[in-house]
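For reference, the structure is listed below as structure tokens.
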Number of protein chains: 2
Amino acid sequence: MDKILVPADDTVHGTVTLEDVARVAGVSRATVSRVVNGKATVAPALRKSVEKAIAAMGYVPNLAARSLVTRSTGSIALAVSDMSAGQIFFDPFFGRVVNGVTQAVRPRSVQLVLALVDDEPSRRQLLSFLRQGHVDGVILVSTHADDPLPAELARAKVPAVLAARPPEPLPLSFVEVDQRAGVFLAVDHLVALGHTRIATVTGPQDSSSGRERLAAFRERLAHHDLSESGCAEGDFTQVSGAAAMRTLLERAPDTDAVFVASDLMALGAVTVLHRAGRRIPQDLALVGFDDSSIALACDPPLTTVRQPVEAMAAQLAELLLEQIISPQYPQSRIFQPELIVRDST
Amino acid sequence: MDKILVPADDTVHGTVTLEDVARVAGVSRATVSRVVNGKATVAPALRKSVEKAIAAMGYVPNLAARSLVTRSTGSIALAVSDMSAGQIFFDPFFGRVVNGVTQAVRPRSVQLVLALVDDEPSRRQLLSFLRQGHVDGVILVSTHADDPLPAELARAKVPAVLAARPPEPLPLSFVEVDQRAGVFLAVDHLVALGHTRIATVTGPQDSSSGRERLAAFRERLAHHDLSESGCAEGDFTQVSGAAAMRTLLERAPDTDAVFVASDLMALGAVTVLHRAGRRIPQDLALVGFDDSSIALACDPPLTTVRQPVEAMAAQLAELLLEQIISPQYPQSRIFQPELIVRDST
DNA sequence: GTGAAAGCGCTAACAC
DNA sequence: GTGTTAGCGCTTTCAC
């Protein structure tokens, strides 16, 4: 009884139960539960005294107990599946995803569980974690095309949404940027500026975005009756961008413009260009992809194709949350990219 | 009964319970529980048949039920508290923290819940989340010195560890890099190179690391009988680093070396220097702090003070996990930084 | 070594 | 409107 004297702030969770509150407030557990969950059907007077008791006792509901009966946890997982998931945060792109998802779920008091998957054991661990029902669903950011995870999620019937179109059709909702339109924007811009010797630094060709961007690049060049001046593959890292640029400089020295498939790789390319004494954009123009914070870190600031990542991430959360509330047919949402012209072209 | 025929892969979590497994294996729930939790006291024959039933039925334990009785969840929170928590991932520093923590908890099958705190509501939300016991503890990365969160965590008696020394003494374990030693390394290096007109771009002075680095900078300069050539405050962002560098160039044009309190700010400074036609390191030498991936993104690659962030993050997880298993006296661990000499000095 | 039984704290019918 | 009651699926004494 003297628990009432204990200030709420000092209360260790789990000490005070619904039952305790009910006893003190002189009502039943059900009534307290109704008040806690904001159900309308409680007389103002009772509600008042329950609220008082709750405050006085520092009552905090036990999530495990609640979730045991409601079969929902109030949290979702954000899984990043990549061979080098540990390096993933070096690309500000992922920070934007985390941020977008966080902002979207916050008003609903949904928590985010972060899972980095970079090998077989960690994949199994994630799968079993999901099956144990510790989260209500999962947003999967999977970068390589042969990742078995999307298919496994579909089979496991875990509510899931993907941050990209799956390589093969899967009964899963996904969100994507119109890669093709984005690349067209970049190429058209370069062509309009009068460039004719256009090369590209591609993303890894075992990732769908890497592949799609390269295909679109070639398609658009052909559309303009141009052939590619050069092509070097990177893996979306800065170092690989630098290496690819060096290759290009060597193999196709007369290139006058380069479409680089990510801003981070473009940053690597910029450094190589500086060292080689090539001025940007006078000697060589550069267009990136993403419009992450890295685009502004380039010198000169990078012209790039903007993906509305935050909005896409929010949409991802949206789709998942809907899916969780009531199972529905998989849906997809395509976002349009935008060309951001800065000083590198 | 024909559940046995259902392939494990198709099993939706929650369908099969301990009880079901027990019935099929012809044992009691207690025995199944023992097998699942790897208790030794089970006859090999029974264990065998239980395992068979589990596999056949695709049984997955229900975490909520388990956690209701064990009062532990198998997950911890990583909370980032900052006015601009959303921007936090633009600094690769935080990626390293996430990565270090992830790697450390993975072998123990502990999950990571990410919480970004950037305003009053989100702070209250985190606090109540922690009190509800949905995680067993929290690692707090708090950047500003007047953050009430550390004290609140201590009062709430939530197992917690801090990624930096708290401004005022608190009964909480923490991990930190020896800021002073790191700055000394940087200053001594510059002095040894013959620089005498040394300025600094500081971190925000409402953050402890920002303050400590500035204080150490001045202390070490004095030790060498030097006075600072200039001082401009940034907020650890690239943009602020650029602005601060511009200020310095204007107010103290004869500066021949600058200690910049973070790599990201140094990146901003580099750009400004290029534009101003100052060569690095011939006209002006630059030393950063952190050794994040940004240091290599600089042109020239940045000499910087390396914080062993991954190791620190792992230690943080370690301390928290120990704390959770058995409450102990708060401990602190100090890590030694290291000077990484590259081409900017 | 194994099983029976008692809850963990909560929600949701269902009566009143 | 409000209380009573019956579990949710699991772990864990405590007998056997």
Side-chain angles (χ1 to χ4, degrees), chain A residues 3 11-51 53-54 57-75 128-129 131-134 136, chain B residues 3 11-51 53-54 57-75 128-129 131-134 136:
Chain A
K3 266 189 191 131
T11 307
V12 177
H13 97 81
T15 300
V16 182
T17 72
L18 250 201
E19 175 110 44
D20 298 332
V21 175
R23 201 179 316 118
V24 170
V27 299
S28 73
R29 297 208 306 273
T31 298
V32 180
S33 173
R34 286 178 192 118
V35 172
V36 170
N37 294 294
K39 310 273 194 214
T41 63
V42 179
L46 285 195
R47 149 162 287 129
K48 200 95 184 172
S49 74
V50 169
E51 280 166 349
I54 288 179
M57 307 173 77
Y59 166 75
V60 189
N62 177 314
L63 240 42
R66 172 180 291 172
S67 137
L68 180 56
V69 34
T70 62
R71 313 193 135 288
S72 101
T73 65
S75 60
S128 102
F129 175 75
R131 280 210 264 260
Q132 294 183 72
H134 206 178
D136 298 334
Chain B
K3 267 192 189 128
T11 307
V12 177
H13 96 81
T15 300
V16 181
T17 72
L18 249 201
E19 175 110 42
D20 299 331
V21 175
R23 199 178 318 115
V24 170
V27 299
S28 72
R29 298 208 305 275
T31 298
V32 179
S33 173
R34 285 177 193 121
V35 172
V36 170
N37 295 292
K39 309 273 194 212
T41 64
V42 179
L46 286 196
R47 149 163 286 129
K48 200 93 185 175
S49 74
V50 168
E51 280 166 349
I54 289 179
M57 307 174 76
Y59 166 75
V60 188
N62 177 313
L63 239 43
R66 173 180 290 172
S67 133
L68 180 56
V69 33
T70 61
R71 319 199 128 287
S72 101
T73 65
S75 62
S128 102
F129 175 75
R131 281 209 264 258
Q132 294 184 69
H134 206 178
D136 298 334

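Chain letters run A, B, ... following the sequence lines, proteins first and then strands; every chain starts at 1. Since the model is a prediction, treat every value here as computed from it, not as a measurement. Just so it is clear, the values below take in all heavy atoms, side chains as well, and ignore hydrogens, waters and symmetry mates.
Here Ala30(B) lies in heavy-atom contact (under 4.0 Å) with a base. Contact annotation for Val27(A): backbone-only contact, meaning every heavy-atom pair under 4.0 Å involves sugar-phosphate atoms and none involves a base.
The shortest non-hydrogen separation linking Leu68(A) to Ala65(B) is CD1-CB, 3.6 Å. The heavy-atom pair separating Tyr59(A) from Thr17(A) by the smallest distance is CE1-C, 3.6 Å. The two residues Ser128(A) and Val60(B) have their closest heavy-atom pair at O-CG1, 4.3 Å.
Test Leu46(A), Val27(A), Val21(A), Val50(A) against Val35(A) for side-chain contact (heavy atoms from CB on, under 4.5 Å) and you get one pass: Val50(A).
Residues Leu63(A) and Thr73(A) form no side-chain contact, since every pair of their non-hydrogen atoms from C-beta on lies 4.5 Å or further apart.
To the nearest angstrom, P of dG9(D) lies 17 Å from CG of Asn37(B). In this structure, the CD atom of Glu19(B) is 10 Å from the P atom of dA4(C), given to the nearest Å. Going from atom CG of Leu63(B) over to atom P of dC8(D) covers 18 Å, rounded to whole Å. If you measure from atom CG of Leu68(B) to atom C1' of dT11(D), you get 10 Å, rounded to the nearest angstrom. The separation between Arg66(A) atom CZ and dG7(D) atom P is 22 Å, rounded to whole Å. Asp20(B) places its CG atom 9 Å from the P atom of dC10(D), with the value rounded to the nearest Å. For the pair Arg34(A) CZ and dT4(D) C1', the interatomic distance rounds to 10 Å; values are reported in whole Å. Nucleotide dA13(C) holds its P atom 16 Å from the CZ atom of Arg29(A), rounded to whole Å.
For Thr17(B), no side-chain nitrogen or oxygen approaches OP1 or OP2 of dG9(D) to under 4.0 Å. For Ser33(B), a side-chain nitrogen or oxygen approaches OP1 or OP2 of dT11(D) to under 4.0 Å. Residue Asn62(B) has no polar side-chain atom (N or O) positioned under 4.0 Å from OP1 or OP2 of dC8(D).
DNA chain C is contacted by both Gly26(B) and Leu18(A); Gly26(B) maps to the nucleotide lying nearer its 5′ end (nearest heavy atom per residue). Checking Leu46(B) against Val36(A), the closest nucleotide of DNA chain C that is more toward the 5' end is the one next to Leu46(B).
End-to-end axis angle of the helix from dG1(C)-dC16(D) to dC16(C)-dG1(D), using five pairs per end and rounding to 10°, comes to 30°.
Thr70(B) places a side-chain N or O within donor-acceptor distance of the main-chain N or O of Arg66(B), the cut-off being under 3.5 Å.
Comparing dC10(D), dG9(C), dG3(C) by their closest approach to the side chain of Val69(A) singles out dG9(C).
Not a single side chain to side chain donor-acceptor pair (under 3.5 Å) links Ser67(A) to another residue, sequence neighbours left out.
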